[in-house]
Amino acid sequence: MKKLRKIIEEYKKGMVYTAIDTETTGLSRYTERIVEIGAVKFTKDGIIGEYSKLIYPEKKVPPQIIQIHGISDEMLDGKPLFRDIAQDFVSFIEGTTLIAHNAPFDIGFINKELNIAGLGELTNTKFSIDTLILSRKVFPESRKHTLQFLAESLQIPKGTAHRATDDARVCMELFHKCIIHAEQPPGR
């Protein structure tokens, strides 16, 4: 609860956040690669900017993964490697508090790619907010805490599910809803 109060205080003071999401070739950051990265920079007053890139992963995207996010090898042909966009991405998120749904997944993949690019790991991750954990605290009665289920139950426009920028935007809206709900007096 103490951490939640601190998050609410920082939000009210105008903290700058970046909601991030990645789409990948699979689930293991040790063997798989990022194919899309999306980020939405915002404050309590609204969106400041968006970042969206398709990325050539240097390997084929398995058909079962294409069925999830819809990103095919043909869509990735000719796209930049992560190392080619890494510095731009780091500059975009610099000085912000990161937010992600299941943050260890996205941050783990991003850090792996940054290490491959020779840039080292993100420095602002110890201040990151995981909306999966936050939603479990704020909405303990929810049957599920997946991003798509919460978006549906909280009436957050989903855009295209499992596309990085749309999911980052949903994550941002979920964060706003968590803050608003957490501030309400019990019983309302």
Side-chain angles (χ1 to χ4, degrees), residues 1-29 32 34-54 61 64-71 93 96-110 124-125 127-188:
M1 251 350 211
K2 187 177 184 180
K3 185 174 181 180
L4 180 55
R5 281 194 300 272
K6 184 176 185 215
I7 290 170
I8 291 169
E9 285 175 24
E10 290 172 342
Y11 177 83
K12 287 179 176 180
K13 288 180 182 176
M15 174 77 73
V16 179
Y17 303 94
T18 304
I20 59 172
D21 188 68
T22 59
E23 299 303 332
T24 64
T25 59
L27 297 177
S28 172
R29 71 175 178 249
E32 303 303 333
I34 293 175
V35 297
E36 184 179 38
I37 193 162
V40 180
K41 189 184 301 185
F42 67 98
T43 68
K44 65 180 173 55
D45 298 319
I47 294 174
I48 298 169
E50 292 186 3
Y51 185 93
S52 179
K53 292 284 183 201
L54 285 171
V61 182
Q64 67 272 23
I65 300 299
I66 294 171
Q67 287 180 338
I68 295 169
H69 54 51
I71 301 170
I93 66 170
T96 69
T97 297
L98 299 179
I99 298 177
H101 200 76
N102 191 15
F105 179 86
D106 296 297
I107 291 171
F109 266 95
I110 291 167
N124 49 347
T125 59
F127 304 111
S128 66
I129 297 169
D130 189 335
T131 54
L132 176 60
I133 293 169
L134 184 61
S135 69
R136 287 177 177 157
K137 286 181 182 174
V138 176
F139 301 109
E141 71 286 351
S142 182
R143 286 187 307 118
K144 296 193 284 187
H145 288 88
T146 65
L147 187 60
Q148 297 309 312
F149 181 85
L150 290 166
E152 183 79 30
S153 63
L154 296 170
Q155 299 177 337
I156 297 170
K158 293 185 282 189
T160 304
H162 300 295
R163 288 304 302 263
T165 305
D166 285 346
D167 283 355
R169 199 175 299 109
V170 171
C171 183
M172 173 195 71
E173 293 295 340
L174 173 59
F175 177 70
H176 286 305
K177 296 263 186 181
C178 285
I179 296 294
I180 291 165
H181 188 79
E183 285 192 288
Q184 291 179 348
R188 283 186 65 159

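For the numbers below, each heavy atom of this structure counts, side chains included, while hydrogens, waters and symmetry mates do not.
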*Compare every heavy atom of F149 with every heavy atom of K144, then report the nearest pair and how far apart it is.*
O-CD2, 3.3 Å

*Between R136 and E141, does at least one N-O distance fall below 4.0 Å, as a salt bridge requires?*
no

_Heavy-atom closest contact (H69 atom, H162 atom, distance)_ = CB-O, 3.1 Å

*First locate atom NZ of K44, then atom NZ of K12, and finally report the distance between them rounded to the nearest 0.5 Å.*
10.5 Å

_Min side-chain heavy-atom separation K177-I156 under 4.5 Å_ = yes

*Student check: side-chain heavy atoms of Y11 and T43 closer than 4.5 Å*: no

*Could you please spell out the steps behind the side-chain contact (heavy atoms from CB on, under 4.5 Å) verdict for D167 and Q148?*
CA-CA 9 Å; D167 283 355; Q148 297 309 312; 3.2 Å; yes

*Side-chain contact test, heavy atoms from C-beta onward, threshold under 4.5 Å: evaluate it for L98 versus T96 and give yes or no.*
yes

*Kindly indicate whether the side chain of I65, heavy atoms from C-beta on, has any atom under 4.5 Å from the side chain of I71.*
no

*Output the distance between atom CD1 (I66) and atom CD (E23), rounded to the nearest 0.5 Å.*
12.5 Å

_Tell me the closest heavy-atom pair linking T97 and M15, and the distance in Å._
OG1-SD, 3.5 Å

*Looking at side-chain heavy atoms only, is the closest gap between R169 and L174 below 4.5 Å?*
no

*Determine, for E10 against K6, whether the closest basic-nitrogen to carboxylate-oxygen distance falls under 4.0 angstrom.*
yes

*Indicate yes or no: does E50 engage K41 in a salt bridge with an N to O separation below 4.0 Å.*
no

*Any idea how F139 and H181 line up, ring-wise: parallel (<30°), tilted (30 to 60°), or perpendicular (>60°)?*
tilted

*Check the pair T24 / V35 against side-chain contact (heavy atoms from CB on, under 4.5 Å), numbers first and verdict last.*
CA-CA 5 Å; T24 64; V35 297; 5.7 Å; no

*Taking the side chain as every heavy atom from C-beta outward, state whether L134 and F175 have any atom pair closer than 4.5 Å.*
yes

_Heavy-atom pair of closest approach, residues I37 and A164_ = C-CB, 3.7 Å

*asked:* Applying side-chain contact (heavy atoms from CB on, under 4.5 Å) to I129 and Y17, what does each step give before you reach the verdict?
replied: CA-CA 9 Å; I129 297 169; Y17 303 94; 4.0 Å; yes

Under 3.5 Å, side-chain donor or acceptor atoms of residues 99-110 against the rest of the protein: list the pairs with distances, not counting sequence neighbours.
| from | atom 1 | to | atom 2 | distance (Å) |
| --- | --- | --- | --- | --- |
| H101 | ND1 | T131 | OG1 | 2.7 |
| H101 | ND1 | L132 | N | 3.3 |
| H101 | NE2 | H145 | O | 2.7 |
| H101 | NE2 | L147 | N | 3.4 |
| D106 | OD1 | T22 | N | 3.0 |
| D106 | OD1 | T22 | OG1 | 2.6 |

*To the nearest 0.5 Å, what is the distance between CG (L150) and SG (C178)?*
7.5 Å

*Keeping the roles fixed (side chain from T160, backbone from R163), state whether a donor-acceptor pair exists under 3.5 Å.*
no

*Are any of the side-chain heavy atoms of S135 and S142 separated by less than 4.5 Å?*
no

*List the atom of I20, the atom of A39, and the distance in Å for their closest heavy-atom pair.*
CG2-CB, 4.0 Å

_Nearest-0.5 Å distance, NZ of residue K137 to CG of residue D130_ = 10.0 Å

_Considering all heavy atoms, the nearest D21-A168 contact_ = CB-N, 3.9 Å

*asked:* Take a 6.0 Å sphere around CD of Q155 and say whether it holds more than 12 heavy atoms from other residues, nucleotides or ligands.
replied: no

*asked:* Heavy-atom count check: over 12 atoms from other residues, nucleotides or ligands less than 6.0 Å from K53 NZ?
replied: no

_Please determine whether side-chain contact (heavy atoms from CB on, under 4.5 Å) holds for the pair M172 and I47, giving the CA-CA distance in whole Å, both sets of side-chain angles, and the decisive distance to 0.1 Å._
CA-CA 9 Å; M172 173 195 71; I47 294 174; 3.7 Å; yes

